[in-house]
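Encoded as structure tokens, the structure appears first; notes follow it.
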Amino acid sequence: MQSLSARVERTTYGVGVSMTSNPPTTNAPSIPVSPEDDPLLRGLTDQQRVAVTTTEGPVLVLAAAGSGKTRVITRRVAMLLQMGIPAWQIMALTFTNKASGEMRERVSALLRHRPDADRVGRGLTISTFHALCARLLRRYAGLLEGQPSWIKPDYTIYDMSDQNALLKKIIKDLELASSNWAPRAVGSAISAAKNDLKDARAYAAEASDFYEKTIARIYDKYEAGLRAANAVDFDDLLLLTVRLLRESDEAREEVQQRWRYLMIDEYQDTNHVQFVLSTLIVGTDEGKPTNVCAVGDPDQSIYGWRGADISNIMDFERTYPGAVTVPLGQNFRSTAPILHCADTLIRNNQQRPHKDLFTTAEGGELPLVVHCRDERHEASVVLEYFRGLREGTTAHGTDIEELAWKDMAVFYRNNALSRVVEDELRNAGVPYVIARGTAFYQREEVKDLIAYLRVTANPADEVSLQRVINKPSRKVGKTSLTRLEMYASSRGITLFEALRDAHEIEGVSKMAAGGMTRFVSMIDEWNGAGSFMGTSVSGSLAQLVERILEDSGLEKHYVTMAAKSQREDDESKVDNLREMVSSAADFEEEFDLDNDPGMGPSVDELRAQREALARALDLDPDDIDDADLPAAASQETKKDPPLLGLLRAYLERVSLVADADQVDPQSGAVTLMTLHAAKGLEFPAVAMVGLEEGLLPSMRSFESAENQEEERRLAFVGITRAMDHLMITSARYRTMRGLRERTIPSSFLKELPEDGVLVSDQAGDDDLMRPRNRREEPEAWDDYEFDQRDPAERRAKRSQGEPSKHADGLEVGVSVRHPQFGTGTVAALSGYGVNRRARIDFDDAGAKTLILAYARLEVVG
DNA sequence: AGAGGCAATTTTTTT
DNA sequence: AATTGCCTCT
């Protein structure tokens, strides 16, 4: 952070274009200078224009929130294409798939007027770090075959739950108590090590205390487990790609030959591995021009907990001598009051380069801060706010142009907070979408199907194999499976290979062996017995998924279950499986081989195309505009990829979806999402809920000033998403994990400009703790008189007094009323004391299990 | 072998 | 409130 303050003076925001002392490197771009001459420069500020036109040499764009960052990157890409740089030499790395999709769209929109619009952008690499690495590994992993702890190109990507499953198994095998060694915590320790480019050996070498030494042992086994399953975790994608580019001259040379222009978005959130990776792609030591352009904003760094390293952006100029720094300080998104609010808040961060956010826009209303009674009240306040906006009235009572639902968004610190808002919107009939794209793939039935697909693509994948070997039942029980595992490990073969010997394994029953054999031949049929697919198996991806769904008996399994239980829940499982088939079909439809660095044409092929054309036209290859390439050249490579390749690509996509990817701005619905997912987006109206101590800032951030500042940046990100209207709310009481607790308004609220927001206290608090005015609001928990017993004790106390009150006379068959779900009948009773529950079939709301201690149930009649 | 009951735990954010 | 894991019963 030392360099931070030193740098401040040089890169002041908003004071024209400031550059570093070093002059821009060699050949300045030969592009039209007058902005009016070129549609790509039209409407840009001076700074933006510099960022777009300084295409050669290292460039750092310090882009404040709402300063037109995406605009700059897309125009820059279009500019490169216009200069005749082949699309396949250009790479742009983004944070989410959605951002890359959007960028691709916007670039092609900029090129739409060209007669060759359909071809000129073909082969552009716009991707996330993780997706890029996944593809490079598919393509080049074979080059390092046989290296210790290396993977085969048909590897599987393990998500967090697969990772936890593996860790849990290892922790158990090492005979460690899972209570002391939570897979989750161990996983993040390992992840931190990987983000620091430390493998198991390096970590073990540095481990000093018992804790670290134990982690080292687990790490070692974990790595071995992943490699045995030919699997990688998210961090490995980056880590192994770094290894690939370092250890394989061929891979590195191809990569460095191919990509000559690199752009990295959200640079403040890149971690150490990503940094190293980018230098390897750029190839700083090869005498090749370092055409790298990083775009980011230190004030929006919100992934420190995931290893994001702010010094990547702070030290850019030191890494790339001669770098041009372009500050973009003018905000084009928000009204002045919203911007003032954000700016005042973020100035409370000490570790930060000074900069001014400014706008030339005038007018705009003050953001609202509303203190609510509880979370339900809070949700209703948000609903009313949105309703007003939709009808063209703000909370200030002024008339505005009516907003649509899609113009509004609710942000919260953690996913649990969405529920109440969701309920409120649903009851009011307001359409909403929750940005939780990953949730679908976490569902039991979907994970089952994915596990089948994964085993088909990579039979070594043990976690997936274990998941489905007996689902639906093939009479393969726990005992047989344990024997199988022993057999496999004693011979050093994979579980799948062991399955082939099922009948010879001691201790495996005839019945179980039969099931195992059937399982193996099924997989063999799907993937052509590893011989490999694409040659022996034909058809479309959707057909394959369909076939697997049928042959495996998985669909039948869930259909039967739904028929038996009659539960809506179970019926939707069948729908979800069908949904997977159509998503596979969609994927197949959209998949573009040319834009996939994993399967598309090689650098040599790309270059050969150019050279052939150059010869034909009697030109220097460097003078060839890619757009001149005959359509046929492009068509040629557009042959159908083999089915196996398609399956891998599909699984890869499924593994790398992010929550934010699902947001569809056209959906016509209110968007609900976490503050993290909101990064990079904007909405005319925003409501931020749950501004309370322990929530935002989060409880865990109390530990360090750094974490507190990151929380503040998170609030800053939220505020700066709002274009015209902003409401920030807190609830005085909030029920979390079944306990209603008194809260303290977020300290950040006090950091908002005194006269820059309109505060409305609707908490309706009548007890002594109510502060007389905002200024005298208590500073900390200590200023409140509150129940100091620990939560377990409070819970116990609660359980003694309340549960029986309404539960009297409650037995199966009795009619009851619930304030929210209406009337229903008791279907079952279970548990005692605090845990006494009743399953109730509500007339309208369906079946629910309620804890009597908390449910406000009333016996009817 | 598998379903279902019951108790304990839950401490963010996510590629 | 919701999830997970262990235990028991069929």
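Naming: A, B, ... by sequence-line order, numbering from 1 per chain. Excluded from the calculations below are hydrogen atoms, water molecules and symmetry mates; all remaining heavy atoms, backbone and side chain alike, are included.
- Using a 4.0 Å heavy-atom distance criterion, D159(A) is classed as making no nucleic acid contact.
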Check the interface with nucleotides 13-15 of chain B: list each N/O to N/O pair with the protein under 3.5 Å, or write none.
residue	atom	partner	partner atom	Å
dT13(B)	OP1	N415(A)	N	2.9
dT13(B)	OP1	N415(A)	ND2	3.4
dT13(B)	O4'	R413(A)	NH2	3.4
dT13(B)	O2	W305(A)	NE1	3.2
dT13(B)	O2	R413(A)	NH2	2.3
dT13(B)	O2	H676(A)	NE2	3.4
dT14(B)	OP1	T674(A)	OG1	3.0
dT15(B)	OP1	D659(A)	N	3.3
dT15(B)	O4'	R306(A)	NH1	3.4
dT15(B)	O2	H130(A)	NE2	3.0

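- Looking at which nucleotide of DNA chain B each of S698(A) and R474(A) is closest to, the 5′-most match is held by R474(A).
- No hydrogens or angles considered: nothing links the side chains of E711(A) and S701(A) as a donor-acceptor pair under 3.5 Å.
- Spacing between atom CD of E692(A) and atom P of dT12(B) amounts to 17 Å, rounded to whole angstrom units.
- In summary, of the residues considered (E378(A), E692(A), H377(A)), a side-chain hydrogen bond (donor to acceptor under 3.5 Å, both in side chains) with T729(A) occurs for E378(A) alone.
- Taking the P atom of each, dT4(C) and dT13(B) are spaced 14 Å apart, rounded to whole Å.
- One atom, NZ of K169(A), and another, C1' of dG5(C), lie 18 Å apart when rounded to the nearest Å.
- For the side chain to side chain donor-acceptor pair (under 3.5 Å) test, residues two or more places apart in sequence or in another chain that qualify with R138(A) are E652(A).
- Here S100(A) pairs with T94(A) under the side chain to side chain donor-acceptor pair (under 3.5 Å) rule; sequence neighbours left out.
- Each of S480(A) and N707(A) lies near DNA chain B, and the nucleotide nearest S480(A) is the one positioned closer to the 5' end.
- Separating the CZ atom of R740(A) from the C1' atom of dA1(C) is a distance of 15 Å, rounded to the nearest angstrom.
- With sequence neighbours excluded, no residue satisfies side chain to side chain donor-acceptor pair (under 3.5 Å) with S655(A).
- A sub-4.0 Å separation between OP1 or OP2 of dT4(C) and a side-chain N or O of N164(A) is absent.
- In this structure, CG of L739(A) is placed 14 Å from P of dA2(C), rounded to the nearest angstrom.
- If you check every strand for non-hydrogen atoms under 4.0 Å, S473(A) touches sugar and phosphate atoms only.
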Listed pairs, N/O of protein and of nucleotides 6-8 of chain C, under 3.5 Å:
none

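- Partners of S301(A) by side chain to side chain donor-acceptor pair (under 3.5 Å), not counting sequence neighbours: none found.
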Without placing hydrogens or testing angles, list every side-chain donor-acceptor pair under 3.5 Å for residues 187-197 of chain A, not counting sequence neighbours.
residue	atom	partner	partner atom	Å
S188(A)	OG	A185(A)	O	3.0
S191(A)	OG	D235(A)	OD2	2.9
K194(A)	NZ	E223(A)	OE2	2.9
K194(A)	NZ	D233(A)	OD1	3.3
K194(A)	NZ	D233(A)	OD2	2.7
K194(A)	NZ	D236(A)	OD1	2.8
K194(A)	NZ	D236(A)	OD2	3.2
N195(A)	OD1	N271(A)	ND2	3.2
N195(A)	ND2	S191(A)	O	3.4
N195(A)	ND2	R306(A)	O	3.1
D196(A)	OD2	K198(A)	NZ	3.2

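- Between D423(A) atom CG and dA1(C) atom P there is a gap of 12 Å when expressed in whole angstrom units.
- For the pair R737(A) CZ and dA7(B) P, the interatomic distance rounds to 20 Å; values are reported in whole Å.
- Atoms CG (L696(A)) and P (dT11(B)) sit 18 Å apart, rounded to a whole Å.
- Residues that satisfy the side-chain contact (heavy atoms from CB on, under 4.5 Å) test with K168(A), not counting sequence neighbours, are P183(A).
- Protein atom CD1 of I469(A) is 15 Å distant from nucleotide atom C1' of dA1(B), rounded to whole Å.
- In this structure, the salt bridge (Lys or Arg N to Asp or Glu O under 4.0 Å) partners of D269(A), at least two apart in sequence or on a different chain, are K679(A).
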